[in-house]
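Presented below is the structure to which this report refers.
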Amino acid sequence: MNFSRDSFTLNVGGVRYSFSQEVIKDFPLRRVSKLHGCSSEQDVLEVCDDYDQERNEYFFDRHSEAFGFILMYVKYGKLRFVPQMCELSFYNEMIYWGLERSQLEYCCQRRLDERMSDTYTYMSDESKPDESCNLNDEQQHQEPEEKKWLERMRMTFEEPTSSLAAQILAVVSIIFVIVSMVVLFASTLPDWKTAENRSVEEHRYTASLWEPSGIIEAICIGWFTAECIVRFIVSKDKCEFVKRPLNIIDLLAITPYYVSVFMTIFTGENPQLQRAGVTLRVLRMMRIFWVIKLARHFIGLQTLGLTLKRCYREMVMLLVFICVAMAIFGALSQLLEHGLDLEAKNEDYSSIPAACWWVIISMTTVGYGDMYPISVPGRILGGVCVVSGIVLLALPITFIYHSFVQCYHELKFKSARYGRSLSNEFLN
């Protein structure tokens with residue numbers, strides 16, 4: 001190291017910067033200030049990429065334009081992103097030179113936060129396959145064939161786009177869901193009669209297992225049960241499997257069928273057990289939860305669920321806005337329409353809970369027309385209620401919309417990764 005000279009040179013990506021020797025010790029960039037404590041060439045090479053002792057020049061193989069903006073921060077105290085440069089790349093340059101995120105201008109901090117939130121899931125998802133691939137390369141000859149088979153089965157049942165077999169399985173599962181929903185909807189039609197006894201009205205809801213609708217229902221339930229059992233067997237963590245929302249929904253959709261079968265066997269057609277008949281109809285109608293099974297195969301439904309999970313605070317805020325507005329406008333409308341004018345009272349607003357129904361349909365701009373104000377002050381309040389509803393609902397929905405777009409891109413990226421693995425399967 002030649003610190004006897006009056007100046008030294010920083011060569012960053014081919015662009016040279018000359019500084020006086022006095023500033024190196026207290027240089028604002030930590031990486032540059034470390035050069036003052038280097039006593040040997042080996043120490044210097046741990047800080048920079050190369051060193052020319054004759055010229056007293058330190059070479060850094062980094063982005064030259066980014067370093068120019070960083071030097072502008074050193075001189076003027078304001079740090080902003082380089083135009084047409086990725087925010088994450090510039091942030092990596094900042095970390096290399098010893099700067100922190102808080103030193104960015106506020107507008108650039110927001111841009112960095114948005115980019116990091118957009119790419120965090122992508123990077124974590126991208127790193128998991130790499131780690132698993134490295135692990136498989138190291139333990140390829142150590143793992144038994146049984147574990148490989150279980151992993152292949154798990155991917156087939158959990159990821160519909162992971163392989164050709166998984167796609168076929170997903171299509172079959174979708175067909176069973178659609179068939180079960182069609183049978184459920186058709187069974188509530190007035191003209192739906194059983195082949196054995198057309199005069200028994202209850203058979204519209206509790207069809208016998210030996211009728212065509214009962215046989216179709218049993219086949220669909222059998223498929224869903226077998227699918228759920230296999231997925232439970234091949235899952236890595238059984239406790240985590242039980243806690244997943246979609247698996248809980250599967251259980252809620254399958255269990256009522258077996259409960260209704262046992263209740264039918266024990267009660268038979270006893271007309272005295274009317275409560276059991278109502279319970280059977282309720283349990284049968286719970287099959288509507290099967291529609292949510294489609295979320296395993298459609299990105300749109302997965303995006304909706306993930307958005308609701310991430311935006312629960314915004315959803316609570318939206319409910320709070322609505323409840324506060326309902327309390328205020330409900331009390332005022334009841335007072336103006338029913339409480340003040342004793343001669344011509346509007347009986348639709350006889351109570352605050354009844355007025356709250358009018359408030360909610362007005363704030364959401366639905367307007368069924370079943371109740372409406374008739375007095376001039378009540379109509380003015382109605383106009384204010386409608387405008388307030390539009391404003392209050394629009395505020396949190398903006399955050400929910402941005403989260404929805406972000407969740408959609410994340411799930412689409414994940415699906416594209418498995419789609420690439422499917423393409424490799426076809427090529428192989």
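Between Val324 and Leu392, the closest side-chain pair of non-hydrogen atoms is not below 4.5 Å. Side chains of Val172 and Trp223 form a contact here, defined as non-hydrogen atoms less than 4.5 Å apart. Looking only at side-chain heavy atoms (C-beta outward), Phe329 and Ser362 stay at 4.5 Å or farther from each other. You'll find the side chain of Val47 stays beyond 4.5 Å of the side chain of Tyr58, heavy atoms only. Side-chain contact check for Thr365 versus Val386: some heavy-atom pair is nearer than 4.5 Å. Residues Ser375 and Asn346 have side chains not in contact (no heavy-atom distance under 4.5 Å, counting atoms from C-beta outward). Residues Tyr17 and Leu71 have side chains in contact (heavy-atom distance under 4.5 Å, counting atoms from C-beta outward). Between Pro373 and Leu336 the shortest side-chain heavy-atom distance does not fall below 4.5 Å.
Residues Cys108 and Leu104 come closest through the heavy atom pair CB-CD2, 4.1 Å. Across all their heavy atoms, Ala354 and Met371 have their closest contact at O-CE, 3.5 Å. Listed here is the closest heavy atom pair of Phe59 and Cys48: O-CB, 3.4 Å. Nearest heavy atom pair, residue Met363 against residue Leu393, reads O-CD1, 3.7 Å. The shortest heavy-atom contact between Asp49 and Asp61 is OD2-N, 2.6 Å. Nearest approach of Phe224 to Ser180, heavy atoms of both residues: CE1-OG, 4.3 Å.
No more than 12 heavy-atom neighbours from other residues, nucleotides or ligands sit within 6.0 angstrom of CZ on Phe399. Within a 6.0 Å radius of OH in Tyr401, other residues, nucleotides and ligands contribute 12 heavy atoms or fewer. Heavy atoms of other residues, nucleotides or ligands lying less than 6.0 angstrom from NZ of Lys75 number 12 at most. Atom CE of Met85 has more than 12 neighbouring heavy atoms from other residues, nucleotides or ligands inside a 6.0 Å radius.
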Hey, mind stepping through Trp97 and Arg62 against side-chain contact (heavy atoms from CB on, under 4.5 Å) and telling me if it holds?
CA-CA 10 Å; Trp97 294 108; Arg62 306 301 297 185; 4.0 Å; yes
side-chain contact (heavy atoms from CB on, under 4.5 Å) for Val242 and Asn247? Distances and angles first, verdict last.
CA-CA 6 Å; Val242 176; Asn247 297 331; over 6 Å; no
Show, in sequence, the C-alpha distance, side-chain angles and deciding distance for Leu10 and Leu35, and conclude whether the side-chain contact (heavy atoms from CB on, under 4.5 Å) test is met.
CA-CA 11 Å; Leu10 296 182; Leu35 294 175; 4.2 Å; yes
Is there a side-chain contact (heavy atoms from CB on, under 4.5 Å) between His338 and Glu347? Walk through the geometry before answering.
CA-CA 7 Å; His338 191 271; Glu347 297 299 331; 3.8 Å; yes
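A donor-acceptor pair under 3.5 Å is formed between the side chain of Ser33 and the backbone N or O of Arg30. Side-chain atoms of Arg31 come within 3.5 Å of backbone atoms of Tyr96 as a donor-acceptor pair (strictly under, hydrogens ignored). Using modelled atom types, one side-chain atom of Glu337 and one backbone atom of Ile374 make a donor-acceptor pair closer than 3.5 Å. Judged purely by atom type and a 3.5 angstrom limit, Ser173 has no side-chain atom pairing as donor or acceptor with the backbone of Leu169. Side chain of Glu314 to backbone of Ile397: no donor-acceptor contact under 3.5 angstrom is found.
Residues Phe60 and Phe67 keep their aromatic ring centres 6.0 Å or farther apart.
To the nearest 0.5 angstrom, Arg379 atom CZ is 15.5 Å from Cys385 atom SG. With values rounded to the nearest 0.5 angstrom, Ile178 atom CD1 is found 10.5 Å from Met181 atom CE. Of the inter-residue distances, the one linking Phe90 atom CZ with Arg80 atom CZ reads 11.0 Å to the nearest 0.5 angstrom. To the nearest 0.5 angstrom, Gln109 atom CD is 10.0 Å from Gln103 atom CD. The structure places CD1 of Ile254 at 8.0 Å from CD of Glu227, a figure rounded to the nearest 0.5 Å. Distance CD1/Ile360 to SG/Cys323: 8.0 Å, rounded to 0.5 Å.
A search for side chain to side chain donor-acceptor pair (under 3.5 Å) contacts involving Arg101 returns Asp113, not counting sequence neighbours.
Cation-pi geometry between Arg111 and Phe81 is not met: the NZ or CZ atom fails to fall both under 6.0 Å from the ring centre and inside 45° of the normal. Annotation: cation-pi geometry not satisfied between Arg231 and Phe241 (NZ/CZ under 6.0 angstrom from ring centroid, within 45° of ring axis).
Pairs of residues two or more places apart, or lying in two chains, that qualify as ring-ring contact (aromatic ring centres under 6.0 Å, His included) and include a residue from residues 360-398 are Trp357-Tyr368.
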